[in-house]
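First listed ligand is number 1; within each ligand, the first listed atom is number 1.
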Amino acid sequence: MGNFVIIGGSSGIGQGIASRLIDKGHIVVNMSRNPCNISGVKNIVFDVTTDEVNTESLPDVINGLVYCPGSIHLKGFKSIKEDQFLADLQINVFGAIKCIKACLPKIAKDGKGSILMFSTVAVQLGMPFHTSVAVSKGAIEGLVRSLAAELAPQIRVNALAPSLTDTPLASQLLSNEEKKERSANMHPLKRYGNSNDLANAATFLLTEESSWITGQIIGVDGGLSTLKV
Ligand SMILES: NC(=O)c1ccc[n+]([C@@H]2O[C@H](COP(=O)([O-])OP(=O)(O)OC[C@H]3O[C@@H](n4cnc5c(N)ncnc54)[C@H](OP(=O)(O)O)[C@@H]3O)[C@@H](O)[C@H]2O)c1
């Protein structure tokens, strides 16, 4: 069984990943501002925008690291402030870089490991009002591919690119029946995502089940990025 560190396992997709990994018998450490309420998870209070990663409180060997914090600020390009781009880069990109850099010596320790990040469908498919999130997640996609090349063969690096998924982060976009129906219908598979959809794929990419997969951005998006039906 392995040791997994989840940055942002207190809610949404990260919480789903924590639950899956615990069910499979792994050791899970969550780092976020609020605790993860899944039984068996070790919690460390951590704000990625202000705190340094204290690796002494993490397991000596980390088999998988997943970085979940992110943002969805949807606004027209004319009205969105440059500061918003910076804030989104901070949480989505520099936060991930900080955590990966700190944990890297422990991930490489037993010769193999896995790092997982999150992009969005809005990088592959241009959508209005998505410039800021697309800039940040586009950077994540570049980071994933170049880091995967640099860290092979010991460490695999991948990302999931979700479409709209029912989590606290997306609650404004699914706040009434009309929004829910419209959101479901825009996907070829006629529903929006849920945490389990993403947690299943994430657990696969984090564990040795995916030992021949690296440098990939995998769409978990109800077909939105590639299909027109
Ligand atoms: N949901 C969607 O529709 C959607 C679509 C495309 C991409 N994504 C991406 O998928 C990833 C997961 O999203 P989600 O929907 O599961 O989000 P979520 O429900 O908001 O969960 C985010 C997690 O990150 C933690 N977090 C946020 N800010 C933090 C900070 N400053 N320091 C430490 N931890 C922090 C939160 O914990 P605390 O608040 O307790 O700190 C929480 O555990 C994100 O990268 C997001 O951009 C989501």
Side-chain angles (χ1 to χ4, degrees), residues 5-20 28-38 41 43-54 65-74 87-100 102-103 115-125 127 129-130 132-141 143-144 158-175 179-180 182-184 186-187 191-203 205-206 217-222 224-225:
V5 174
I6 304 176
I7 316 294
S10 65
S11 77
I13 296 166
Q15 187 183 44
I17 297 169
S19 174
R20 284 282 174 292
V28 177
V29 179
N30 168 58
M31 297 175 67
S32 53
R33 294 166 300 181
N34 302 291
C36 170
N37 63 7
I38 307 289
V41 172
N43 282 294
I44 296 173
V45 179
F46 175 68
D47 184 336
V48 75
T49 61
T50 53
D51 298 339
E52 292 308 315
V53 181
N54 176 7
L65 171 71
V66 51
Y67 184 83
C68 299
S71 54
I72 312 179
H73 290 113
L74 305 185
D88 287 341
L89 281 164
Q90 195 66 47
I91 188 82
N92 285 281
V93 183
F94 292 106
I97 290 169
K98 176 201 267 191
C99 294
I100 294 167
C103 294
I115 297 172
L116 181 66
M117 291 174 249
F118 282 90
S119 180
T120 168
V121 67
V123 173
Q124 184 67 29
L125 179 70
M127 297 184 191
F129 313 124
H130 281 68
S132 187
V133 66
V135 163
S136 284
K137 298 302 196 181
I140 285 290
E141 295 199 4
L143 177 64
V144 164
N158 295 289
L160 293 175
S163 182
L164 184 58
T165 303
D166 190 4
T167 69
L169 184 67
S171 58
Q172 283 296 316
L173 304 172
L174 295 168
S175 55
K179 288 182 183 178
K180 287 180 180 175
R182 205 171 345 111
S183 299
M186 76 182 183
H187 294 88
R191 68 173 175 86
Y192 46 83
N194 59 53
S195 296
N196 289 337
D197 295 319
L198 274 302
N200 288 335
T203 307
L205 287 175
L206 280 168
I217 316 295
I218 297 180
V220 181
D221 60 12
L224 186 64
S225 62

Practice prompt. Indicate yes or no: does an N/O atom of Ile13 lie under 3.5 Å from an N/O atom of ligand 1?
Written response: yes

Worksheet entry | Heavy-atom nearest option to atom 11 (C) of ligand 1, drawn from Ser71, Cys68, Gly70 | Cys68

Worksheet item: Would you say Thr50 contacts ligand 1, with heavy atoms under 4.0 Å as the rule?
Response: no

Response to the item:
Counting from 1 in the order shown, the ligand 1 atoms closer than 4.0 Å to a non-hydrogen atom of Phe46 are 32 (N), 33 (C)

Fill in: ligand 1 contact by Ser163, heavy-atom criterion under 4.0 angstrom
yes

Discussion item. List ligand 1 atoms under 4.0 Å from Ala170, heavy atoms only on the residue side.
Written reply: 1 (N), 3 (O)

Worksheet, complete the sentence: d(Leu89 CG, Ser71 OG) to nearest 0.5 Å is 8.5 Å

Worksheet entry | Closest protein heavy atom to atom 32 (N) of ligand 1, given as residue, atom name and distance to 0.1 Å | Val48 N, 2.9 Å

Discussion item. So for ligand 1, is Met31 a polar contact partner (N or O within less than 3.5 Å, distance only)?
Written reply: no

Fill in: Protein heavy-atom partner closest to atom 31 (N) of ligand 1 - residue, atom, separation in Å
Asp47 OD1, 2.9 Å

Worksheet entry | Protein heavy atom at shortest distance from atom 35 (C) of ligand 1 | Pro69 CG, 3.7 Å

Worksheet entry | Atom pair CG (Asn54) and CZ (Phe46), whose distance is rounded to the nearest 0.5 Å | 10.0 Å

Worksheet item: Nearest to atom 18 (P) of ligand 1, what protein heavy atom do you find, and at what distance?
Response: Ser11 OG, 3.6 Å

Fill in: Enumerated ligand 1 atoms positioned under 4.0 Å from heavy atoms of Pro168
19 (O)

Response to the item:
Sorted by chain and number, sequence neighbours left out, side chain to side chain donor-acceptor pair (under 3.5 Å) with Glu141 holds for Ser119

Worksheet item: By number and element, which atoms of ligand 1 are closer than 4.0 Å to a non-hydrogen atom of Gly12?
Response: 16 (O), 19 (O)

Item to complete: Could you tell me whether ligand 1 has any atom less than 4.0 Å away from a heavy atom of Ala122?
Response: no

Worksheet, complete the sentence: Contact region, Ile91 to ligand 1, non-hydrogen atoms below 4.0 Å, reads side chain

Fill in: From CD1 (Ile72) to NE2 (His130), nearest 0.5 Å
7.5 Å

Discussion item. Consider salt bridge (charged side-chain N to carboxylate O under 4.0 Å, His left out). Of Asp221, Asp197, Asp166, which one does Arg191 pass it with?
Written reply: Asp197

Fill in: Within-cut-off N or O pair, Thr165 and ligand 1, under 3.5 Å
yes

Worksheet item: Roughly how far, to the nearest 0.5 Å, is CG of Asn196 from CZ of Arg20?
Response: 4.5 Å

Practice prompt. State, yes or no, whether a side-chain contact exists between Tyr67 and Leu116 at a heavy-atom distance under 4.5 Å.
Written response: no

Worksheet item: Closest approach of Asn43 and Cys36, non-hydrogen atoms and distance?
Response: OD1-N, 2.8 Å

Worksheet item: Which residue and non-hydrogen atom of the protein lie closest to atom 36 (C) of ligand 1, and at what distance in Å?
Response: Ser10 OG, 3.8 Å

Worksheet item: Does some non-hydrogen atom of Cys36 fall short of 4.0 Å from ligand 1?
Response: no

Discussion item. For atom 14 (P) of ligand 1, what's the nearest protein heavy-atom neighbour? Residue, atom name and distance, please.
Written reply: Thr167 OG1, 3.6 Å

Fill in: atom 48 (C) of ligand 1 [closest protein heavy-atom partner, distance rounded to 0.1 Å]
Leu169 CD2, 4.1 Å

Practice prompt. Answer yes when Lys137 and Asp88 have at least one side-chain N-carboxylate O distance shorter than 4.0 Å, and no when they do not.
Written response: no

Practice prompt. Give the numbers and elements of all ligand 1 atoms closer than 4.0 Å to a heavy atom of Ser119.
Written response: 7 (C)

Worksheet item: Can you check whether Leu164 has an N/O within less than 3.5 Å of an N/O in ligand 1?
Response: no

Worksheet item: So which protein heavy atom does atom 25 (C) of ligand 1 come closest to, and at what separation?
Response: Gly8 CA, 3.5 Å

Worksheet item: Hey, is the main chain of Val93 close enough, under 3.5 Å, to the side chain of Lys98 for a donor-acceptor pair?
Response: no

Item to complete: Quickly, which of Ile6, Ile7, Val48 forms a side chain to side chain contact (heavy atoms under 4.5 Å, CB included) with Met31? Name it, please.
Response: Ile7

Worksheet item: When rounded to the nearest 0.5 angstrom, what distance separates CD1 in Ile13 from OG1 in Thr167?
Response: 6.0 Å

Discussion item. So, 4.0 Å and heavy atoms of Gln15: is ligand 1 close enough to count as a contact?
Written reply: no

Worksheet item: So how far is it from Ser10 OG to Gln15 CD, rounded to the nearest 0.5 Å?
Response: 7.5 Å

Worksheet item: Any side-chain donor-acceptor pair under 3.5 Å between Ser32 and Asn34?
Response: no

